[in-house]
Amino acid sequence: MKDEIPGRSLNFIEEIIEEDLRSGKNESRVHTRFPPEPNGYLHIGHAKSICLNFGLGKKYNGKTNLRFDDTNPVKEDVEYVDSIKEDVRWLGFDWEDREFFASDYFEQLYEFALILIRKGKAFVCDMSAEEISETRGTPTRPGKESPFRNRSVDENLDLFARMRAGEFPDGARVLRAKIDMASPNMHMRDPIIYRIIHTSHHRTGDKWCIYPMYDFAHGQSDSIERITHSICTLEFEVHRPFYDWLIQEIGIYAPRQIEFARLNLSYTVMSKRKLLELVQDKYVSGWDDPRMPTICGLRRRGYTPESIRNFADIIGVAKRDNVIDINLLEFCIREDLNKKASRIMGVLNPLKIVLDNYPEDLVEQMEAVNNPEDPSAGNRKVLFSKELYIEQEDFMEDPPGKFFRLAPGREVRLRSAYIIKCESVVKDPETGQILEVHCTYDPETKSGMPQSNRKVKGTLHWVSVRHAVKAEIRIYDRLFMVENPDNAEEGKTYKDYLNPDSLQIRTGYLEPSVRNSAHLQKYQFERLGYYNVDYDSSPENLVFNCIVPLRDGRVKEKTK
RNA sequence: UGUCCGAUGGUGUAACUGGCAACACGUCUGCCUCUGGAGCAGAAGAGUCUAGGUUCGAUUCCUAGUCGGACAACCA
């Protein structure tokens, strides 16, 4: 985690917290929570919230709970609970023994509902979902009161008990708060707080057939856990008056809810519904497809927890809607991996080089630096021989002015090896395609030798043909072709903007040192980019994911 | 024709609570380099949605607009 720079300005949430600390509110405790619903995988937007909540807990010597808001058994599953825990842990956060579930509080929540009923603040309503919806009114028009609104306390108590006992089918009745059908805030128009669902719950099994609505569970769960600052996203701002009303009427501890703007990333979608759709309709290989903005997708792509935490830190927290440029995320992973990733050489588009003056059977071990940014990473040996592969793009028969690489008559440095000079080109007589390039090497210029300092304009990466190992290289591009796929034009959906070339599979020729890499091992392929060993990889069938290419000045020249 | 929230360079976030706008990404220029990477040095780019007001002075306060977002699931 980044060290706090003293004097660095506070975000608006930290300001509120420090004010509360100064005034001695909540006995000067800071207690936050991350409250996911276990109905989907976590994405980078959740990472922002996780970093915020756990970060605040840490910064103010407080605590942060992990609580699953599992109030809807039809959509939730343990699969999601497990993945969420894994992801939060992987991001580097620890909730210690404070792993909670809203379902742990079902009995308590039921008691809260009883309190409301006894106070005449809640009633059992027999209307159908359609009727309730019709009588709710619109934002500009008040709703109509339910004909069941004035049932006696005893009748409500009896009916609610029978709801719990399972006497009624799904949808037959609900419990509603009795507030104000004419409120300008839709959430105050006698909102539903309990509904009948005869579905077994992933934790409580068949113990319950009535379940609290999220709005009835969330605020009270925070209260039960004595959360001091309930941090959530902007869309819950309009719910706050209802939460406050509940806390007030039930008469329990009141956390303070603070809303912030959720993260939006360019060239991607972030809603759980859409991500689920991409998975179910097989637009991607799964939740952890390296193109997905999910935490597990980013992990598989090769992002590090540090880079994601740093990203969350850099984007800041505020209340205004925002769209973060995806390249800021890429900046964060490059910055991190530049310091950490070992460098290796690999060729993705091979062109054969033959060194005419190099002994036929000689094999040399070249000393190569693992990471110029980190001397402690040490060196390794790279095998060199008469026939090498270089990148096709690194040779041009008729180069333009600013081409620093190999061309007829020109010299170039082979990284960690010799300076070579291009002597001739062998082409296919039929197609004119270049088959191999013949060069001579200068034996005096081996890296490290006294005379090796001769300046040449370019340095190329290479791999010995005889020693190269093949690997499957998966290269990813952005999943969507437009900056904001959510904002689809008439008659289109976000899916119409899916990038058909977001996955490209190639064969790479790599130096043999990578053969026994562990899954998720990260490398910089010199001059190309950062690569991650995929879960599908094995020593026999290496598979790498391109995390992000290196920044490349050449690209700009071309687009100019 | 409601309620709530927001508005600062291309993007995001600041401005010690009223003292002529800073940082990061991106862009551009130069240096350096056995990665056209990294690093280093520098530059351009907003006068803070608009109109009034308070004030010696407003991005910060007030008023009225404008624009954008959220809210009408027995979802969260």
Side-chain angles (χ1 to χ4, degrees), chain A residues 7-11 15 35-37 39-40 69-72 74-76 125 127-129 132-134 136-143 170-176 183-189 192-197 211 213-215 217-218 233-241 259 261 266 272-273 314-325 327-332 334-335 338-339 343 345 368-369 372-373 402-405 412-417 419 445 447-448 452-461 524-529 549-557:
Chain A
R8 186 188 129 157
S9 61
L10 304 175
N11 65 48
E15 265 171 27
E37 185 199 8
N39 71 344
D69 277 333
D70 52 351
T71 55
N72 186 356
V74 319
K75 290 189 177 176
E76 294 152 9
C125 181
M127 289 200 292
S128 67
I132 289 178
S133 160
E134 280 161 19
R136 192 167 352 248
T138 70
T140 52
R141 219 155 273 176
D170 287 8
R173 294 179 216 267
V174 292
L175 183 71
R176 299 174 73 176
S183 170
N185 183 338
M186 298 294 291
H187 297 278
M188 300 297 269
R189 322 244 263 225
I192 293 168
I193 59 183
Y194 264 93
R195 71 300 208 191
I196 300 169
I197 303 176
Y211 292 91
M213 295 288 288
Y214 170 85
D215 277 351
H218 184 79
T233 46
L234 250 28
E235 65 268 31
F236 293 103
E237 211 154 20
V238 254
H239 298 235
R240 181 157 27 97
E259 307 87 3
S266 61
K272 273 192 201 173
R273 197 206 95 223
I314 266 175
I315 58 176
V317 190
K319 294 192 76 162
R320 89 181 74 144
D321 295 322
N322 61 83
V323 182
I324 307 286
D325 194 332
N327 90 37
L328 191 55
L329 220 207
E330 297 188 340
F331 163 81
C332 290
R334 283 196 190 99
E335 187 190 43
N338 178 46
K339 291 177 296 191
R343 266 118 251 231
M345 292 195 284
V369 175
E373 306 294 319
K402 278 209 156 185
F403 189 78
F404 298 149
R405 292 163 273 169
V412 98
R413 154 79 60 188
L414 290 181
R415 173 114 242 233
S416 309
I419 291 175
T445 58
S447 285
S452 73
N453 289 329
R454 212 166 85 220
K455 296 281 177 248
V456 285
K457 40 259 156 206
T459 301
L460 307 186
H461 61 277
Q524 184 196 97
F525 290 7
E526 287 208 63
R527 303 210 307 137
L528 296 177
L550 251 29
R551 280 185 75 218
D552 184 354
R554 289 171 290 175
V555 176
K556 286 163 222 152
E557 280 173 39

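Keep in mind that the numbers below use all heavy atoms, side chains included, and drop hydrogens, waters and symmetry copies.
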Using a 4.0 Å heavy-atom cut-off across all strands, classify A/S266 as base, sugar-phosphate, or nothing.
nothing
Looking at A/R343 and B/U35, is any side-chain donor or acceptor paired with a base atom of the opposite kind under 3.5 Å?
yes
Could you say whether A/V456 or A/R173 is positioned toward the 5' end of RNA chain B, judged by the nucleotide with the nearest heavy atom to each?
A/V456
Looking only at the side chain of A/Y214 (C-beta and beyond, no hydrogens), which of the listed nucleotides B/G12, B/U35, B/A76 gets closest?
B/A76
Evaluate the side-chain proximity of A/P549 to A/E330: yes if any heavy-atom separation is below 4.5 Å, no if none is.
no
With sugar-phosphate meaning primed atoms plus P, OP1 and OP2, does A/F236 contact a base, only sugar-phosphate, or nothing at under 4.0 Å between heavy atoms?
base
Mind checking A/H218 for me? I need base, sugar-phosphate or nothing, with any heavy atom below 4.0 Å counting as a touch.
nothing
Considering only the C1' atoms, how many Å lie between B/A38 and B/C32, rounded to the nearest integer?
11 Å
Please pick, from B/C74, B/A72, B/U11, the nucleotide with the shortest atom-to-atom distance to any side-chain atom of A/T138.
B/A72
pair_partner(B/U63), Watson-Crick or wobble, both distances < 3.5 Å, evaluates to B/A51
Nearest to the side chain of A/A129, heavy atoms from C-beta on, is which of B/C74, B/A15, B/A70?
B/C74
If you define the side chain from C-beta out and look only at heavy atoms, does anything of A/D321 sit under 4.5 Å from A/L234?
yes
Treating A/T233 as the side-chain partner and A/E235 as the backbone partner, does any N or O pair qualify as donor plus acceptor under 3.5 Å?
no
Measure the spacing between OG1 of A/T71 and NE2 of A/H218 and express it to the nearest 0.5 Å.
10.5 Å
Side-chain contact, heavy-atom cut-off 4.5 Å: A/V456 with A/V412?
no
If you measure from the C1' atom in B/G36 to the same atom in B/G45, how many Å do you get, rounded?
26 Å
Closest to the A/A318 side chain: B/A72, B/G36, B/U13?
B/U13
The side chain of A/V238 lies closest to which of these nucleotides: B/U3, B/C25, B/G12?
B/U3
From the candidates B/A38, B/C75, B/A14, the one with an atom nearest any side-chain atom of A/E37 is B/C75
Give the nucleotide from the list B/A72, B/C75, B/U17 with an atom nearest to the side chain of A/R195.
B/C75
Is B/C31 paired to anything, Watson-Crick or G-U wobble with both distances less than 3.5 Å, and if yes, which nucleotide?
B/G39
B/G2 -> Watson-Crick or G-U wobble partner, both distances under 3.5 Å, gives B/C71
Hey, does A/I324 have a side-chain heavy atom less than 4.5 Å from the side chain of A/L329?
no
Is the phosphate of B/C16 approached by A/S9 (side-chain N or O, under 4.0 Å from OP1 or OP2)?
no
In whole Å, what separates the P atom of B/C67 from that of B/U55?
31 Å
Could you check whether the side chain of A/E373 and the base of B/G37 have a donor-acceptor pair of N or O atoms closer than 3.5 Å, going by distance alone?
yes
Euclidean distance for C1', B/G12 against B/A46 (whole angstrom):
14 Å
Verify the contact: side-chain N or O of A/R141 to OP1 or OP2 of B/U3, cut-off strictly under 4.0 Å; return yes or no.
no
Is any side-chain N or O of A/R320 under 3.5 Å from a base N or O of B/U8, one able to act as donor and the other as acceptor?
yes
Which nucleotide sits closest to the side chain of A/N338: B/A38, B/G36, B/U17?
B/A38
Between A/R334 and B/G26, is there a contact of a side-chain N or O with OP1 or OP2 at under 4.0 Å?
no
If B/A76 has a Watson-Crick or G-U wobble mate with both distances under 3.5 Å, name it; if not, just say none.
none
Looking across every strand, which nucleic acid part, if any, lies under 4.0 Å from A/H187 by heavy atom: base, sugar-phosphate, or nothing?
sugar-phosphate
Could you tell me whether a side-chain N or O of A/R413 sits under 3.5 Å from a main-chain N or O of A/A417, the two making a donor and an acceptor?
yes
Quick check: on RNA chain B, is the nucleotide nearest A/N322 upstream (toward 5') of the one nearest A/L460, or the reverse? Name the residue that is more 5'.
A/N322
Any base atoms under 4.0 Å from A/V74, or only sugar-phosphate, or nothing? Heavy atoms, all strands.
nothing
Let's see if you can work this out: which of B/A73, B/G37, B/G36 has an atom nearest to the side-chain heavy atoms of A/L550?
B/G37
Could you give the distance separating B/A41 and B/G68 at their P atoms, to the nearest angstrom?
43 Å
Answer yes or no: side-chain N or O of A/R405 and base N or O of B/G36 forming a donor-acceptor pair under 3.5 Å.
yes
Under a 3.5 Å cut-off for both contacts, is B/C23 paired Watson-Crick or G-U wobble with anything, and if yes, with which nucleotide?
B/G12
Against the side chain of A/M213, the closest entry in B/A15, B/U35, B/C75 is B/C75
Please work out if A/V317 contacts a base, only the sugar-phosphate, or nothing of the nucleic acid, heavy-atom cut-off 4.0 Å.
sugar-phosphate
